[in-house]
Amino acid sequence: QVQLVESGGGLVQAGGSLRLSCAASGRTFRSYTMGWFRQAPGKEREFVATIIWSSGNTYYADSVKGRFTISRDNAKNTVYLQMNSLKPEDTAVYYCAKDRTSWGPLVYDYWGQGTQVTVSS
(Lines give C-alpha, C1' and ligand atoms only; values in the text may rest on other atoms or scores of the structure.)
Protein backbone atom coordinates (compact mmCIF):
# COMPACT_ATOMS: atom_id res chain seq x y z
CA GLN A 1 0.00 0.00 0.00
CA VAL A 2 1.22 3.49 -0.87
CA GLN A 3 -0.03 6.77 0.51
CA LEU A 4 0.59 9.97 -1.42
CA VAL A 5 0.11 13.37 0.20
CA GLU A 6 0.39 16.57 -1.82
CA SER A 7 1.22 19.96 -0.35
CA GLY A 8 2.36 23.38 -1.46
CA GLY A 9 -0.74 24.62 -3.21
CA GLY A 10 -2.19 28.05 -2.61
CA LEU A 11 -3.16 31.38 -4.10
CA VAL A 12 -0.62 33.17 -6.28
CA GLN A 13 -0.71 36.05 -8.74
CA ALA A 14 -0.17 35.47 -12.42
CA GLY A 15 3.52 35.30 -13.18
CA GLY A 16 4.32 33.88 -9.78
CA SER A 17 5.69 30.51 -8.73
CA LEU A 18 4.75 27.60 -6.52
CA ARG A 19 6.42 24.31 -5.70
CA LEU A 20 4.21 21.33 -5.06
CA SER A 21 5.43 18.36 -3.08
CA CYS A 22 4.13 14.80 -3.01
CA ALA A 23 5.32 12.73 -0.08
CA ALA A 24 5.01 8.98 -0.35
CA SER A 25 4.75 6.56 2.52
CA GLY A 26 4.20 2.87 2.83
CA ARG A 27 5.61 0.70 0.10
CA THR A 28 8.61 2.43 -1.47
CA PHE A 29 7.95 4.51 -4.53
CA ARG A 30 11.60 4.70 -5.51
CA SER A 31 11.34 2.31 -8.40
CA TYR A 32 8.22 3.68 -9.97
CA THR A 33 7.33 6.30 -12.50
CA MET A 34 5.54 9.24 -10.91
CA GLY A 35 3.24 11.79 -12.44
CA TRP A 36 1.36 15.01 -11.82
CA PHE A 37 -2.15 15.65 -13.07
CA ARG A 38 -4.63 18.46 -12.61
CA GLN A 39 -8.35 19.00 -12.79
CA ALA A 40 -9.99 22.39 -13.23
CA PRO A 41 -13.64 23.00 -12.35
CA GLY A 42 -15.95 21.56 -14.97
CA LYS A 43 -13.09 19.91 -16.84
CA GLU A 44 -11.65 16.45 -17.02
CA ARG A 45 -8.45 15.55 -15.26
CA GLU A 46 -5.44 16.14 -17.49
CA PHE A 47 -1.83 15.06 -17.57
CA VAL A 48 0.75 17.62 -16.48
CA ALA A 49 4.13 15.90 -16.14
CA THR A 50 5.78 12.56 -15.52
CA ILE A 51 9.21 11.35 -14.49
CA ILE A 52 10.33 7.88 -15.57
CA TRP A 53 12.25 6.06 -12.85
CA SER A 54 14.27 3.75 -15.11
CA SER A 55 15.59 6.44 -17.43
CA GLY A 56 15.13 9.65 -15.49
CA ASN A 57 13.38 11.13 -18.51
CA THR A 58 10.68 13.70 -17.99
CA TYR A 59 7.70 14.55 -20.13
CA TYR A 60 5.32 17.49 -20.00
CA ALA A 61 2.02 18.60 -21.38
CA ASP A 62 2.48 21.22 -24.07
CA SER A 63 0.58 23.72 -21.95
CA VAL A 64 3.21 23.65 -19.18
CA LYS A 65 6.38 22.87 -21.11
CA GLY A 66 9.12 25.36 -20.31
CA ARG A 67 7.33 26.60 -17.19
CA PHE A 68 6.96 23.51 -14.98
CA THR A 69 9.65 21.10 -13.83
CA ILE A 70 9.09 17.68 -12.28
CA SER A 71 11.78 16.17 -10.07
CA ARG A 72 12.17 13.59 -7.35
CA ASP A 73 14.21 12.99 -4.21
CA ASN A 74 14.28 9.26 -3.57
CA ALA A 75 15.97 9.70 -0.20
CA LYS A 76 12.97 11.73 0.93
CA ASN A 77 10.37 9.66 -0.95
CA THR A 78 9.13 12.89 -2.47
CA VAL A 79 8.34 14.11 -5.95
CA TYR A 80 8.11 17.82 -6.75
CA LEU A 81 6.48 20.05 -9.31
CA GLN A 82 8.11 23.44 -9.66
CA MET A 83 5.67 25.79 -11.35
CA ASN A 84 6.91 29.11 -12.72
CA SER A 85 5.27 31.85 -14.77
CA LEU A 86 1.88 30.71 -13.57
CA LYS A 87 -1.20 31.66 -15.54
CA PRO A 88 -4.85 31.87 -14.50
CA GLU A 89 -5.53 28.82 -16.68
CA ASP A 90 -3.22 26.80 -14.42
CA THR A 91 -5.86 27.06 -11.70
CA ALA A 92 -6.85 23.52 -10.72
CA VAL A 93 -6.57 20.81 -8.13
CA TYR A 94 -3.22 19.11 -8.65
CA TYR A 95 -2.76 15.41 -7.99
CA CYS A 96 0.31 13.25 -7.86
CA ALA A 97 0.15 9.63 -8.87
CA LYS A 98 2.31 6.53 -8.84
CA ASP A 99 2.61 4.26 -11.86
CA ARG A 100 2.73 0.48 -11.62
CA THR A 101 6.01 0.34 -13.49
CA SER A 102 9.48 1.82 -13.47
CA TRP A 103 9.51 2.24 -17.25
CA GLY A 104 5.98 3.59 -17.80
CA PRO A 105 3.75 5.39 -17.55
CA LEU A 106 1.42 2.46 -18.02
CA VAL A 107 -1.22 2.59 -15.30
CA TYR A 108 -1.29 5.00 -12.39
CA ASP A 109 -2.56 2.91 -9.51
CA TYR A 110 -2.23 5.24 -6.51
CA TRP A 111 -3.33 8.85 -6.25
CA GLY A 112 -3.03 11.60 -3.69
CA GLN A 113 -5.93 13.64 -2.40
CA GLY A 114 -4.95 16.75 -4.34
CA THR A 115 -3.86 20.29 -3.54
CA GLN A 116 -5.57 23.42 -4.81
CA VAL A 117 -3.66 25.90 -6.93
CA THR A 118 -5.35 29.20 -7.69
CA VAL A 119 -3.75 31.79 -9.96
CA SER A 120 -5.27 35.25 -9.93
CA SER A 121 -5.04 37.61 -12.87
Side-chain angles (χ1 to χ4, degrees):
Q1 192 76 5
V2 174
Q3 293 79 42
L4 304 174
V5 179
E6 302 95 335
S7 61
L11 174 64
V12 63
Q13 288 189 334
S17 298
L18 284 173
R19 188 177 80 155
L20 305 183
S21 299
C22 173
S25 61
R27 188 175 175 183
T28 181
F29 89 129
R30 297 180 185 183
S31 300
Y32 298 101
T33 289
M34 297 293 293
W36 284 97
F37 293 78
R38 67 186 182 186
Q39 186 167 20
K43 295 187 177 181
E44 293 187 352
R45 184 171 58 195
E46 65 175 1
F47 166 78
V48 175
T50 190
I51 183 164
I52 312 300
W53 182 86
S54 60
S55 65
N57 290 342
T58 57
Y59 300 92
Y60 299 90
D62 287 343
S63 59
V64 307
K65 202 171 295 183
R67 300 187 297 121
F68 290 12
T69 302
I70 186 172
S71 61
R72 66 194 298 162
D73 185 335
N74 287 337
K76 295 182 178 180
N77 277 356
T78 301
V79 62
Y80 304 97
L81 185 68
Q82 178 66 44
M83 305 186 296
N84 299 329
S85 302
L86 282 161
K87 305 175 181 180
E89 50 264 44
D90 294 319
T91 295
V93 177
Y94 284 71
Y95 301 89
C96 72
K98 168 198 156 300
D99 190 70
R100 285 183 183 173
T101 73
S102 64
W103 46 265
L106 181 65
V107 175
Y108 289 97
D109 55 357
Y110 288 94
W111 295 80
Q113 84 291 345
T115 186
Q116 176 71 47
V117 171
T118 302
V119 184
S120 62
S121 57

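Ion pairing between K65 and D62 holds under the 4.0 Å rule for side-chain N and carboxylate O.
For A92 against A40, the heavy-atom pair with the smallest separation is CB-N, 3.8 Å. Nearest approach of L4 to C22, heavy atoms of both residues: CB-SG, 3.9 Å. Nearest heavy-atom pair, L81 versus A49, reported as atom, atom and distance to 0.1 Å: CD1-CB, 4.3 Å. Taking every heavy atom of both residues into account, K43 and Q39 meet most closely at O-NE2, 3.1 Å. Shortest non-hydrogen contact noted between T33 and T50 is CG2-OG1, 3.2 Å.
Here N77 contributes atom CG and Q3 contributes atom CD; the two are 11.5 Å apart, rounded to the nearest 0.5 Å. In this structure, the separation between CZ on F47 and CZ on R38 is 11.0 Å, given to the nearest 0.5 Å. To the nearest 0.5 angstrom, S121 atom OG is 14.0 Å from K87 atom NZ. Interatomic distance, R19 CZ to S71 OG, rounded to the nearest 0.5 Å: 7.0 Å. Note: S7 OG to Y80 OH = 9.0 Å, rounded to the nearest 0.5 Å.
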Between L20 and M83, is the side-chain contact (heavy atoms from CB on, under 4.5 Å) condition met? List the steps.
CA-CA 8 Å; L20 305 183; M83 305 186 296; 3.7 Å; yes
Give the intermediate values and the outcome of side-chain contact (heavy atoms from CB on, under 4.5 Å) for residues R67 and D90.
CA-CA 11 Å; R67 300 187 297 121; D90 294 319; 2.8 Å; yes
Checking F68 against L86 for the side-chain contact (heavy atoms from CB on, under 4.5 Å) test, could you report, in this order, the C-alpha distance in whole Å, the side-chain angles of both residues, the deciding distance, and whether it holds?
CA-CA 9 Å; F68 290 12; L86 282 161; 3.8 Å; yes
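Remark: the backbone N or O of V107 is paired with a side-chain donor or acceptor of D99 at under 3.5 angstrom. For the pair T78 (side chain) and A23 (backbone), a donor-acceptor distance under 3.5 Å is absent. E6 places a side-chain N or O within donor-acceptor distance of the main-chain N or O of Q113, the cut-off being under 3.5 Å.
Side chains of F37 and W111 form a contact here, defined as non-hydrogen atoms less than 4.5 Å apart. Between S102 and Y32, every side-chain heavy-atom pair lies at or beyond the 4.5 Å cut-off. Using a 4.5 Å cut-off on side-chain heavy atoms (C-beta onward), R100 and L106 make no contact. Counting heavy atoms from C-beta on, the side chains of I70 and Y60 come closer than 4.5 Å. When side chains are defined from C-beta on, I52 counts as touching Y59, because their heavy atoms get closer than 4.5 Å. You'll find the side chain of W53 stays beyond 4.5 Å of the side chain of T101, heavy atoms only.
V117 and Y95 are members of different hydrophobic clusters when ILVMFWY side chains are connected at heavy-atom separations under 4.5 Å. If you chain together hydrophobic residues whose side chains sit under 4.5 Å apart, V12 and V93 never meet in one group. V79 and Y108 end up in different hydrophobic clusters when Ile, Leu, Val, Met, Phe, Trp and Tyr side chains are linked at under 4.5 Å.
Judged as a side-chain hydrogen bond (donor to acceptor under 3.5 Å, both in side chains), and not counting sequence neighbours, the contacts of Q116 are T118.
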